[in-house]
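Heads up, the thing below is written out as structure tokens.
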There are 2 protein chains.
Amino acid sequence: MKKTSKRLSAADYAYEVLKERIIELQYQPAEHLLEDQLAKDLEISRTPLRQALYRLELEGLVNKQANGRMIVTPVTLEEAREVFVVREMMEGLVAKEASERMSQDDLYRLEDTIELMKRAVERARSQDFLKHSEEFHGIIQECSHNDTAKRFLLQLENKVDRYRRISGYKNPAYALNTPLEEHIEILQFLKEKSSKEVEDLMRAHIRRSLKTIEETIATNSSSHSF
Amino acid sequence: MKKTSKRLSAADYAYEVLKERIIELQYQPAEHLLEDQLAKDLEISRTPLRQALYRLELEGLVNKQANGRMIVTPVTLEEAREVFVVREMMEGLVAKEASERMSQDDLYRLEDTIELMKRAVERARSQDFLKHSEEFHGIIQECSHNDTAKRFLLQLENKVDRYRRISGYKNPAYALNTPLEEHIEILQFLKEKSSKEVEDLMRAHIRRSLKTIEETIATNSSSHSF
DNA sequence: AAAATTAAATTTGTATACAATTATATTATA
DNA sequence: TATAATATAATTGTATACAAATTTAATTTT
């Protein structure tokens, strides 16, 4: 993780690095995390490292076992479904709230991300598509002005990212047309301020994205312990 | 530092104590929390105390300001509404899921809590009522078998408890009949496994409880900074 | 006296030493 | 050999000392 203008504490640094490594599967699910080893690796002491670990625990990316040892939270289809069911509700909620509060300027910003998504689809650049898709969802979350929902969604997003990795979203053949069309449709109803429709569409969008991940895992489930 | 039957780490102990004090308004909203002072008070060192503070921060009960100082999260009507809106969705979700998975034994356990709630209403013991009401909701959450949802609901419950305190729920005149009837109705549909109705009723139940708190605050809002 | 500067104190952030616990290896015993 | 008991090593949990940063007080300058 890069640091910007503000100095980053060792604890924050460790948190960012570990989170990224877990999401990117550099640490395998269920793998043991040893404080001493990680501290030496990151060239910090155990004190700030532990802070980072405990934050990750509360976000559900690592688990403290009964004996005190930390492991990377295992991945299971069951948990993936849980995460997506909750995410479906939360994304539906913020979309509804955003629909009631969005300014014209916000709508323009959404249009921009969609334009960029279109270009990504044309070039079959799924990485870029994902980036702009996340911007799209991020703008909607922002416009909900619901900090509580935003906080939870951030935690869910971390887990979602890991499941995306596991399902092999990097594959260029990954279907991008469906999510693009769904985004366009959502924007349409956001413009009309039809909050109920927006909520329903957003929920269907998330529901469908879980299906995609489930299918990719089904065909692709050699490497991870499902 | 005290210990119970199962050994409690100093960090866990500090977490529990601080959480309780914040919820019970022994620490005022927006009050400064000094590590050294708290550590001396709890008779532990700063190391485990800080762990506790960081956990509370992630749960939204304390906030770390830009200068690094910790304050008790301020209370606002706006946040209360956010918390309840999210809680409404989550309680609706777990109720729906529980409805699909509940055993006869679980239903009996719910009946028991309702019996105890009835007795509490008869005697106008709102403290007892609240306790059994939380058991009622806890059983439903448990039966959802959705750990992700349960984790979030636990965090929300902490904030809800504080808002209940602020609204002065201790008042014996506090109306208990409405929530009791709502619980009874929810149980009825749980027995019939009508998951859609269960979800709708639970959501209405939470929505109504926010209204109660808003009203109590409106008449009672001298002491806290709304 | 007001504003700016410096100095002292308070407070948070980190490293390290040690204590308590848990896991692993070794030995003893049947 | 298999099992239990014990010793050893590895790992987590806590306290403390010190460093870095921030706030408050004191001093100087205009």
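In what follows, chains carry the letters A, B, and so on, assigned in the order in which the sequence lines appear, proteins first and then strands, with residues in each chain numbered from 1. Since the model is a prediction, treat every value here as computed from it, not as a measurement.
- E57(A) and N63(A) share no donor-acceptor pair across their side chains, judged by distance under 3.5 Å alone.
- A heavy atom closer than 4.0 Å to some atom of DNA chain D occurs in N67(B), R69(B), these being the qualifying members of residues 58-70 of chain B.
- Rounded to an integer number of Å, the gap from Y13(B) OH to dT14(D) C1' is 15 Å.
- For H132(A), there are no ring pair (Phe, Tyr, Trp, His ring centres under 6.0 Å) partners at least two apart in sequence or on another chain.
- A straight line from CG of L34(B) to P of dT10(C) spans 12 Å, rounded to a whole angstrom.
- Going from atom OH of Y15(A) over to atom C1' of dG13(C) covers 19 Å, rounded to whole Å.
- With 3.5 Å as the limit, one finds a donor-acceptor pair spanning the side chains of E91(B) and Q141(B).
- Applying a 4.0 Å cut-off to non-hydrogen atoms, the residues of residues 39-51 of chain A that approach DNA chain D are R46(A), R50(A), listed by residue number.
- As rounded to whole Å, 6 Å separates atom P of dG13(D) from atom CD of E35(A).
- With sequence neighbours excluded, the residues satisfying salt bridge (Lys or Arg N to Asp or Glu O under 4.0 Å) with R50(B) are E35(B).
- Judged by distance alone, the side chains of T212(B) and R208(B) do bring a donor and an acceptor atom under 3.5 Å apart.
- Using bins of under 30°, 30° to 60° and over 60° for the plane-to-plane angle, the ring pair H183(A)/H205(A) lands in the perpendicular bin.
- If you check every strand for non-hydrogen atoms under 4.0 Å, L33(A) touches sugar and phosphate atoms only.
- Distance, L8(B) CG to dA20(C) P: 17 Å, rounded to whole Å.
- Listed by chain and residue number, R164(A) satisfy the side chain to side chain donor-acceptor pair (under 3.5 Å) test with E134(A) (two or more places apart in sequence, or in another chain).
- When distances run from any side-chain atom of Y54(B) to the nucleotides dG13(C), dT12(C), dT14(C), the shortest one goes to dG13(C).
- Taking atom CG on L53(B) and atom P on dT12(C), their separation rounds to 9 Å, with Å as the unit.
- Looking at residues two or more places apart in sequence or on another chain, you find no side chain to side chain donor-acceptor pair (under 3.5 Å) involving R69(B).
- Side-chain N/O atoms of Q51(B) and Y15(B) include no donor and acceptor closer than 3.5 Å.
- One can place CG of D36(B) at 17 Å from P of dT23(D), the figure rounded to the nearest angstrom.
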